[in-house]
Number of protein chains: 2
Amino acid sequence: MGDVATHKENLVRTAMRLFRRQGYASTGLQQIVAESGAPKGSLYHYFPSGKEALGEAAVTLAGGLVREMLEAHAVKHADPSAFLRAYARTMAGWMADSDFRSGCPVATTLLETAPASPTITAAGAQAIDGWIEVIGGVFERAGVEPREARTKAQLVVAAMEGALLLARVRRSTRPILDVAKLA
Amino acid sequence: MGDVATHKENLVRTAMRLFRRQGYASTGLQQIVAESGAPKGSLYHYFPSGKEALGEAAVTLAGGLVREMLEAHAVKHADPSAFLRAYARTMAGWMADSDFRSGCPVATTLLETAPASPTITAAGAQAIDGWIEVIGGVFERAGVEPREARTKAQLVVAAMEGALLLARVRRSTRPILDVAKLA
DNA sequence: TCGATTATGACGATCGGTCTACATGTGGCA
DNA sequence: TGCCACATGTAGACCGATCGTCATAATCGA
């Protein structure tokens, strides 16, 4: 038998990477299986509901990675302005590293599946809520009222998602870095 | 012979509508042809380069429609804050009318094709630049310095695009309406 | 050793975008 | 006017890829 954890994990990681670059619908299961190195037939063993389950897992994984990044910046920067700058710099770095070809894996997949796929939509909503929670926490600790902190955090997330699109189209990190001016 | 203008136009309008709801890759040419009422074989007559040309035309059409809407609001509202509220209300109305299933047709298509398809990417960049020009103009006429006006306008566009995604996931117009707070 | 569970490669029905071969209508020439 | 060459418009068939299922093989527990 193959190594379950490795095969399953490779499948999800590869799916996340490809969805991010090519989109959800444009990425074939065949390509995911091939690039992950997992055996072809095993995909439906680990993910009985097929592509949708894979998409859900990829969104959840990506959401967690972004959240961890946000939390790391949050403990380092108490000042919202400094926090946003660090956040923006990180995202800009990811974008430049991919040569402006890979956006946010959560947004890319969600735009294509929400609300048609309830499970992916739910996974995406949970991921985004997590980000808003972390960002809102930074604002709150800086003295912003809880309700307004949450609204501002939501605005930051929206602006960042949009900025990632603009950055890809323009091949420039400028839109991403400008999000930091929201503080 | 069929009515060229009508068939070609119907093709593009239908493509725009379907790309917006289902995404670019998920929408088949067959469905576009069927729902547009145009004859099946005529698609490659009007669009020799196939789906990509159709996507480019759809993006350009959608970009123009949004720009017209923005210009209509711009002549009515000199105050940036009032302008943004009107803009946000219109977008929120579109989103609610579609039962939270259709986002921005430009963003949806662009996220899936940029920068893989140069022609669609270019069409999208031009559309977005047009919006920024109009929004920036409102800020400028309110006394904001040209450079900063453009940056702010870009931020508004990014925030709106992101808000459209959040609205779909949450089934709520709140994220869209909150964009007006950027003034 | 044997049964049960896990894992897998091959297969098939369907649909994808694209192209080629054929109607249809139009204008020039005798 | 009668006929033909041409551009325009159209339908169907093409090949490849799609996702999902199946019968079979490998491994584990008793």
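Everything numeric here is computed off the predicted structure, so don't read it as measured data. Naming: A, B, ... by sequence-line order, numbering from 1 per chain.
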Does Arg150(B) form a salt bridge (Lys or Arg N to Asp or Glu O under 4.0 Å) with Glu133(B)? I'd like the steps, not just the answer.
CA-CA 7 Å; Arg150(B) 195 182 158 78; Glu133(B) 197 183 317; over 6 Å; no
Start with the C-alpha gap between Phe83(A) and Leu70(A), add the side-chain angles, then the distance that decides, and say whether side chain to side chain contact (heavy atoms under 4.5 Å, CB included) holds.
CA-CA 9 Å; Phe83(A) 167 78; Leu70(A) 286 171; 4.0 Å; yes
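The one candidate from Ile32(A), Thr14(A), Thr108(A) that meets the side chain to side chain contact (heavy atoms under 4.5 Å, CB included) condition with Phe19(A) is Ile32(A).
Separating the CG atom of Leu43(B) from the P atom of dG16(C) is a distance of 13 Å, rounded to the nearest angstrom. Rounded to an integer number of Å, the gap from Leu11(A) CG to dT8(C) C1' is 13 Å. Regarding Tyr44(A), its OH atom lies at a distance of 7 Å from the P atom of dC19(D), rounded to whole Å. As rounded to whole Å, 13 Å separates atom P of dC14(D) from atom NZ of Lys40(B). Between Glu52(B) atom CD and dG16(C) atom P there is a gap of 19 Å when expressed in whole angstrom units.
Minimum atom distance to the side chain of Tyr46(A) is reached by dT8(C), of the listed dC19(C), dT8(C), dG12(D).
At the phosphate of dC19(D), OP1 or OP2 sits under 4.0 Å from a side-chain N or O atom of Lys51(A). Residue His45(B) has no polar side-chain atom (N or O) positioned under 4.0 Å from OP1 or OP2 of dA7(D).
Following chains of ILVMFWY side-chain contacts shorter than 4.5 Å, one cannot reach Leu177(B) starting from Met95(B), and the two form parts of different hydrophobic clusters.
Within residues 19-32 of chain B, the residues that have a heavy atom under 4.0 Å from DNA chain C are, in order of number, Thr27(B), Gly28(B), Leu29(B), Gln30(B). Remark: nothing in residues 105-117 of chain B comes within less than 4.0 Å of DNA chain C through any heavy atom.
Checked by atom type and distance alone, the side chain of Thr109(B) never pairs as donor or acceptor with a backbone atom of Val106(B) at under 3.5 Å. Looking at Glu112(A), its side chain does come within 3.5 Å of a backbone N or O of Ala25(A) through a donor-acceptor pair.
Between Met69(A) and Met91(A) there is a side-chain heavy-atom pair separated by less than 4.5 Å. When side chains are defined from C-beta on, Ser42(B) counts as touching Tyr46(B), because their heavy atoms get closer than 4.5 Å.
Closest approach of Leu166(B) and Ala158(A) over heavy atoms only: CD2-CB, 4.4 Å.
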